[in-house]
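All remarks here apply to the structure that follows.
Here is how names work: the chains are called A, B, and so on, in the same order as the sequence lines, proteins then strands, and each is numbered from 1.
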Number of protein chains: 4
Amino acid sequence: MSARREATRQRLFQATLEEVSAHGLDGVTVDRIAERAGLAKGTVYYNFGGKNELFSAFLEWGVDRFAAMLREGAAGPPREALSGLIRAELQFIAEYEDLARLLLSESWRTNQAWEATALRIRRQAIDVFTELLDAVRAEGGMRPGLDTGVAGSALFGMALTAALEWRTLAPDRPLEEVHAVLMRLVDDILRAERA
Amino acid sequence: MSARREATRQRLFQATLEEVSAHGLDGVTVDRIAERAGLAKGTVYYNFGGKNELFSAFLEWGVDRFAAMLREGAAGPPREALSGLIRAELQFIAEYEDLARLLLSESWRTNQAWEATALRIRRQAIDVFTELLDAVRAEGGMRPGLDTGVAGSALFGMALTAALEWRTLAPDRPLEEVHAVLMRLVDDILRAERA
Amino acid sequence: MSARREATRQRLFQATLEEVSAHGLDGVTVDRIAERAGLAKGTVYYNFGGKNELFSAFLEWGVDRFAAMLREGAAGPPREALSGLIRAELQFIAEYEDLARLLLSESWRTNQAWEATALRIRRQAIDVFTELLDAVRAEGGMRPGLDTGVAGSALFGMALTAALEWRTLAPDRPLEEVHAVLMRLVDDILRAERA
Amino acid sequence: MSARREATRQRLFQATLEEVSAHGLDGVTVDRIAERAGLAKGTVYYNFGGKNELFSAFLEWGVDRFAAMLREGAAGPPREALSGLIRAELQFIAEYEDLARLLLSESWRTNQAWEATALRIRRQAIDVFTELLDAVRAEGGMRPGLDTGVAGSALFGMALTAALEWRTLAPDRPLEEVHAVLMRLVDDILRAERA
DNA sequence: AATGAATGAGGCTTCATTCAT
DNA sequence: GATGAATGAAGCCTCATTCAT
């Protein structure tokens with residue numbers, strides 16, 4: 001992969017992101033992406049082979065950003081890590097709202113073309129929650145028998161849905177307020193489990 | 001509205017559901033819907049005026065099914081109502097998986113055309129959770145200061161995400177197992193709040 | 001099939017013929033055909049489903065013209081029928097030179113898409129020769145052992161190749177002169193076989 | 001012309017032949033030819049200047065093979081030469097069926113681009129027949145007045161069409177059987193002319 | 001109330017060609 | 001001599017919509 005080619009791919013990813021944000025998923029056309037990237041339409045086909053392949057690669061690119069942000073947030077001992085993780089999830093959704101909506105919307109659709117990518121989105125995100133819950137259990141802070149797989153997806157979805165509601169209904173509200181509500185619920189759970 | 005016309009509309013809704021399930025959202029064309037319904041394409045336009053209008057009406061039709069199922073499940077005193085509500089959410093997703101994916105996927109997209117419907121989906125579902133939490137608070141089972149709006153969407157998303165993961169990764173697992181995990185978390189919260 | 005639809009198909013066939021004649025096979029585009037027919041591009045797709053299907057149907061339409069002309073010419077007792085048949089072949093090639101070149105060129109290409117049609121072209125034409133040779137044999141005018149299948153295709157190809165050379169190199173030469181040369185060869189064969 | 005360059009050209013001819021055989025004329029793209037030849041696409045342009053030029057040179061290359069095979073077969077006194085010539089024609093078509101179909105199909109199309117080449121194909125082949133018929137006449141074995149130009153193209157087309165039918169319908173049949181049928185017709189003509 | 005033939009804007013894709021390296 | 005990334009004109013095809021019947 002030549003450096004020139006790699007630069008071209010990055011420009012196309014960025015242009016795709018901007019198009020999705022500006023015109024929504026339905027407004028994404030190869031024509032517009034190429035134009036925004038300042039490239040010829042054929043270049044998309046030369047580099048990715050087709051619209052689906054471009055989109056699939058773009059989603060992976062987006063997932064990697066998402067996953068990197070989550071991993072960065074989830075540092076420290078379990079309880080702090082959970083707090084940081086949820087804050088990172090809220091931050092990502094606030095900063096990259098369009099990308100987030102796209103990733104999450106696609107991750108639940110039934111779509112053969114991007115199935116692998118969709119699965120990857122969920123795994124990247126949910127597994128971090130599950131692993132933290134396992135760490136809590138390993139520390140002895142949890143009654144036996146909890147299915148941390150289900151609980152991990154539950155906590156992920158909890159923050160996700162609250163975040164999207166926040167962006168839709170009260171985007172001016174400070175992130176920390178939403179974070180506080182979610183952490184109160186999480187702390188409730190941790191406390192009850194420890195008891 | 002004549003009975004004949006109403007019957008035609010029902011056939012189109014059913015055909016739309018089947019098309020969405022069979023070919024995904026991208027595979028939904030007026031042609032295919034009409035063919036599956038055994039009607040001419042013009043009939044769709046005669047009855048709905050356009051594809052967006054058909055789709056919007058169809059989504060409402062789906063939301064009403066969803067909302068009816070949730071309301072039916074959320075009966076009894078708050079804790080039992082929460083349990084029933086979550087079970088109903090799991091049941092709906094299990095029984096009408098394709099419709100559920102569609103509703104939820106659309107409800108988070110940014111799409112001018114069906115915005116009102118999307119909002120309605122969330123309100124129908126999330127408000128039931130919020131109202132139940134308010135009822136718990138009114139009974140004195142909750143420490144002060146919880147934003148039940150955020151918490152309601154959190155609980156809704158918790159069950160939702162766990163349900164979709166369940167259908168995707170382990171569809172043969174009994175519903176009650178997933179329900180038990182979720183209720184353990186909910187009970188943890190209720191207990192910690194009461195304490 | 002409504003009368004309107006049938007009329008549309010005829011217009012498209014005629015336009016295709018004119019396009020092939022005017023711009024060659026490579027100049028045939030759906031756009032141009034539709035424009036020449038005075039129809040919208042989509043109409044081609046509504047009526048035929050695609051370019052290949054249109055072309056395949058068009059070739060059949062052309063073959064039917066060719067076959068009708070050959071059958072009409074091949075009347076009377078065997079020797080006169082052979083003469084009439086060869087004259088008809090020359091006439092068709094002279095009158096519909098572009099269509100003839102197309103039919104014959106395509107009939108020998110290896111092309112999956114129109115294979116059935118290509119076979120049909122050859123059968124329609126060659127079988128008439130073979131049947132006439134069989135009739136000669138039945139009349140006792142032939143020594144035993146001739147494979148009339150091979151001989152039929154040989155006579156067909158004899159007239160065909162001579163005709164195309166005629167059109168290419170000496171289009172002003174009267175048809176009857178070419179016909180006379182070919183009939184001299186055919187008569188040579190018939191005489192030698194009778195002897 | 002350096003040896004390296006000549007080797008490159010040969011590889012491109014061979015790759016073109018393989019592509020035509022494998023994917024048909026419509027499947028021939030510069031991309032695929034270059035890939036099959038193990039060369040970069042730009043190399044085609046460096047060596048030939050364009051696709052048409054490559055193709056034209058390729059056809060000449062093919063014609064030369066065809067002509068060499070025919071000339072080699074047409075040896076000896078006229079009647080034996082005719083027999084050898086027809087056998088050589090059958091052999092070429094049997095051995096290089098795809099190339100033969102391509103050459104013949106193209107030779108009858110109306111195509112400005114390769115017109116010179118197409119003409120050359122026919123001349124190379126048909127003239128050998130015409131010259132042999134002239135030789136027969138010179139030996140006194142022919143009644144006066146036969147147009148050996150038309151008759152030559154007739155004999156060429158006779159063998160050609162029979163050969164392609166043979167390859168299509170009964171490829172397992174021995175070449176000599178087809179050759180025998182054709183020679184019976186040719187001998188019929190020679191005998192009748194001598195008589 | 002329903003039909004279905006026709007439409008045409010809009011999208012995706014192919015591929016011969018160019019050119020800087 | 002050869003390369004391969006980039007180009008963009010040109011084609012094919014889809015599909016929501018219209019309208020005469």
Side-chain angles (χ1 to χ4, degrees), chain A residues 1-9 26-34 37-54, chain B residues 1-2 4-5 7-8 26-35 38-55, chain C residues 1-9 26-34 37-54, chain D residues 1-2 4-5 7-8 26-35 38-55:
Chain A
M1 179 86 57
S2 74
R4 184 183 181 197
R5 196 164 174 176
E6 184 52 31
T8 297
R9 292 170 67 99
D26 299 342
V28 174
T29 68
V30 175
D31 256 289
R32 260 213 272 269
I33 290 172
L39 295 166
K41 198 167 20 166
T43 304
V44 174
Y45 291 87
Y46 182 73
N47 279 282
F48 292 97
K51 192 197 190 190
N52 273 344
E53 289 87 343
L54 162 64
Chain B
M1 177 89 58
S2 76
R4 183 182 178 194
R5 195 161 176 179
T8 297
D26 298 342
V28 174
T29 66
V30 176
D31 251 298
R32 263 216 271 267
I33 289 171
E35 189 188 351
L39 296 166
K41 190 159 38 160
T43 304
V44 174
Y45 288 84
Y46 182 75
N47 279 281
F48 289 95
K51 192 198 188 190
N52 273 342
E53 290 86 343
L54 162 64
F55 217 75
Chain C
M1 179 85 60
S2 74
R4 186 184 180 197
R5 196 165 177 178
E6 184 52 33
T8 299
R9 292 170 67 98
D26 298 342
V28 174
T29 68
V30 175
D31 256 290
R32 260 214 271 269
I33 289 172
L39 294 167
K41 196 166 23 165
T43 304
V44 174
Y45 291 88
Y46 182 74
N47 279 282
F48 292 97
K51 192 197 191 189
N52 274 345
E53 289 86 344
L54 163 64
Chain D
M1 176 90 56
S2 76
R4 183 182 179 194
R5 193 160 177 179
T8 297
D26 298 342
V28 174
T29 67
V30 176
D31 250 297
R32 261 215 272 267
I33 289 172
E35 189 188 351
L39 296 167
K41 190 160 37 162
T43 304
V44 175
Y45 288 85
Y46 182 75
N47 278 281
F48 290 95
K51 192 197 187 189
N52 273 342
E53 289 86 344
L54 163 65
F55 218 75

Checklist entry - Going through the distances and angles, do D:Leu54 and D:Val30 end up as a side-chain contact (heavy atoms from CB on, under 4.5 Å)? => result CA-CA 9 Å; D:Leu54 163 65; D:Val30 176; 5.7 Å; no
Item to check | Residue pair B:Val44, B:Leu39: steps toward the side-chain contact (heavy atoms from CB on, under 4.5 Å) verdict | outcome: CA-CA 8 Å; B:Val44 174; B:Leu39 296 166; over 6 Å; no
Item to check | d(CD, C:Glu6; C1', E:dG4) in whole Å | outcome: 16 Å
Next on the checklist: Output one letter per nucleotide in nucleotides 11-21 of chain F: B when a protein non-hydrogen atom lies under 4.0 Å from the base, S when only the sugar-phosphate is that close, - when neither is.
Outcome noted: SBBBSBBB---
Checklist outcome for this item: Here the gap from D:Thr43 atom OG1 to D:Phe48 atom CZ, rounded to the nearest 0.5 Å, amounts to 11.0 Å
Item to check | Any D:Thr8 side-chain N or O less than 4.0 Å from OP1/OP2 of F:dA2 | outcome: yes
Checklist entry - Rounded to whole angstroms, how far apart are CZ on C:Arg9 and C1' on E:dA6? => result 15 Å
Item to check | Identified pairing partner of F:dT21, criterion: Watson-Crick or G-U wobble below 3.5 Å | outcome: E:dA2
Checklist entry - From F:dA6, E:dA2, E:dA5, pick the nucleotide closest to the side chain of C:Arg5? => result E:dA5
Item to check | Exceeds 12 heavy-atom contacts within 6.0 angstrom, atom CD of D:Glu35 | outcome: no
Checklist outcome for this item: Atom CZ of A:Phe48 and atom P of E:dC12 are separated, to the nearest Å, by 15 Å
Item to check | Heavy-atom closest pair, residues A:Tyr46 and A:Arg5 | outcome: O-NH2, 3.3 Å
Checklist entry - Just how far, in rounded Å, is P of E:dG4 from CG of C:Asn47? => result 14 Å
Next on the checklist: Nearest 0.5 Å, please: how far is CD in D:Glu53 from CG in D:Asn47?
Outcome noted: 12.0 Å
Checklist outcome for this item: Re E:dG8: Watson-Crick or G-U wobble partner, both distances kept under 3.5 Å, found to be F:dC15
